[in-house]
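Just so it is clear, the structure is predicted and the values come from calculations on it, not from any experiment. Note that these values count all heavy atoms, side chains included, but never hydrogens, waters or copies made by symmetry. In what follows, chains carry the letters A, B, and so on, assigned in the order in which the sequence lines appear, proteins first and then strands, with residues in each chain numbered from 1.
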There are 2 protein chains.
Amino acid sequence: MRLSGGVESALHCCVALTAADGPVPAARLAELHGVSATYLAKQLQALSRAGLMHSVQGKSGGYVLTRPPAEITVLDVVEAIEGPRPTFVCTEIRQRGPLAASPDACTTPCVIARTMTAADRAWRAALREVSIADLRTAVGEEHDADALPRIGDWLRAPLP
Amino acid sequence: MRLSGGVESALHCCVALTAADGPVPAARLAELHGVSATYLAKQLQALSRAGLMHSVQGKSGGYVLTRPPAEITVLDVVEAIEGPRPTFVCTEIRQRGPLAASPDACTTPCVIARTMTAADRAWRAALREVSIADLRTAVGEEHDADALPRIGDWLRAPLP
DNA sequence: TAATACTCGGATAGATATTGTCCGAATCAA
DNA sequence: TTGATTCGGACAATATCTATCCGAGTATTA
């Protein structure tokens, strides 16, 4: 079970956008983070479709967070990138084979499905606890005080 | 992020093996559960490599659990099938690009990696809480009292 | 007002991981 | 000793993820 690599880029972008006050193009975010511009664009599209960002077209366009950073959780970003698929899908093995259980006895999920679902819930709950604002605060505390403002300035500055 | 489908089969096999007292061939476990025999063999090999099962070759061979069911957790099975890879790998984006953080300031994992790791821990903790014995008990309670013994008899019986 | 340069968006190839299959080596029972 | 039966690792097919391209649309700017 591996998480898509795009999640990491997407989260970094969200944090960076909290330092900018205007729209930031995808190409600029890609350069800031040293990642593939064309591929990052795909992730940002997903965040836009999920309603976490608003895209502005045209000459000085780009992406802007639609909500305050405190109202965007890490789970929101993960689900936007990964899609709505659950981590575990029960194929009802108990209803197959020569000793299959009768459908009447299978109205509730089997214990294996319940166990996997509970673990999935714990995982999502942990991700929901943390907001983009929390990430921003931690980044601010772990680096020089002018680190985030410098990112904001760099994002705002025109290309050379 | 999707869990390998083989995990479901592997867990069902572990529960079934608690009802059998001797070695059970992979082909028989596959028939019981109505899944591909050749593919299930792959999962059982992984469980064997992980030390959860012991394989017996030869005419009346098969697979046997090496430990009591109470000492095998669902997490053991999941990690045996999925491999030891972590769900999230940090590529140190903070150290890339024009405003890269200095390596000196990056001795500890970044807040994004910490968040993902914490969620991963919560997921694994939930899976570690449940043992194969727990699964067996739940299955026994949710079906007729003779369901598990019948599985044991069927596994033991010679092929027609 | 019209041209223009810059933006996103979806459709399109390549790489990687997962799923599914096969046959040979080893083993135990007869 | 024979022989049937088992596991084990090597081999394709498929699905998913990664990476890329070019066209549609829009605010700027002359």
ask   = What is the minimum heavy-atom distance between B:Ala26 and B:Leu40, and which atoms define it?
value = O-CD2, 4.0 Å
message = Ignoring hydrogens, what is the shortest heavy-atom contact between A:Pro98 and B:Glu31? Give both atom names and the distance.
response = CD-O, 3.2 Å
ask   = Looking at A:Ser48, does any N or O in its side chain come under 4.0 Å of the phosphate oxygens OP1/OP2 on C:dC8?
value = no
inquiry  = Less than 4.0 angstrom between a side-chain N/O of A:Arg28 and OP1 or OP2 of C:dC8, yes or no?
reply    = no
Output the rounded distance in Å from [atom1] ([X]) to [atom2] ([N]).
X       : N      : atom1 : atom2 : value
A:Tyr39 : C:dT16 : OH    : P     : 13 Å
B:Gln45 : D:dA10 : CD    : P     : 10 Å
B:His54 : C:dT27 : NE2   : C1'   : 11 Å
A:Leu40 : D:dA19 : CG    : P     : 11 Å
A:Met53 : C:dC8  : CE    : C1'   : 13 Å
B:Gln57 : C:dT27 : CD    : C1'   : 5 Å
B:Arg2  : C:dA17 : CZ    : C1'   : 11 Å
B:Lys59 : D:dA4  : NZ    : C1'   : 5 Å

key: Crowding at CZ, A:Arg67 (>12 non-hydrogen neighbours, <6.0 Å)   = yes
message = Within the supplied structure, the quantity of interest is the number of heavy atoms (other residues, nucleotides, ligands) at a distance under 6.0 Å from B:Arg121 CZ; does it exceed 12?
response = no
Contact class for [X] vs. all strands (heavy atom < 4.0 Å): base, sugar-phosphate, or nothing?
X       : answer
B:Gly6  : nothing
B:Ser60 : sugar-phosphate
B:Ala26 : sugar-phosphate
A:Ser36 : sugar-phosphate

note = Of the candidates C:dT7, C:dC22, D:dT18, the side chain of A:Pro25 sits closest to C:dT7
query = Of all the choices, C:dG10, C:dA17, D:dG9, which nucleotide is nearest to the side chain of B:Arg49 once you look at every atom?
reply = D:dG9
task = May I ask you to say whether A:Arg150 pairs ionically with A:Asp153, meaning some side-chain N is under 4.0 Å from a carboxylate O?
result = no
remark   = On DNA chain C, more 5' by nearest nucleotide between A:Gly61 and A:Lys42 is A:Gly61
message = Reading DNA chain D from 5' onward, which residue's closest nucleotide shows up sooner: A:Ala41 or A:Leu3?
response = A:Leu3
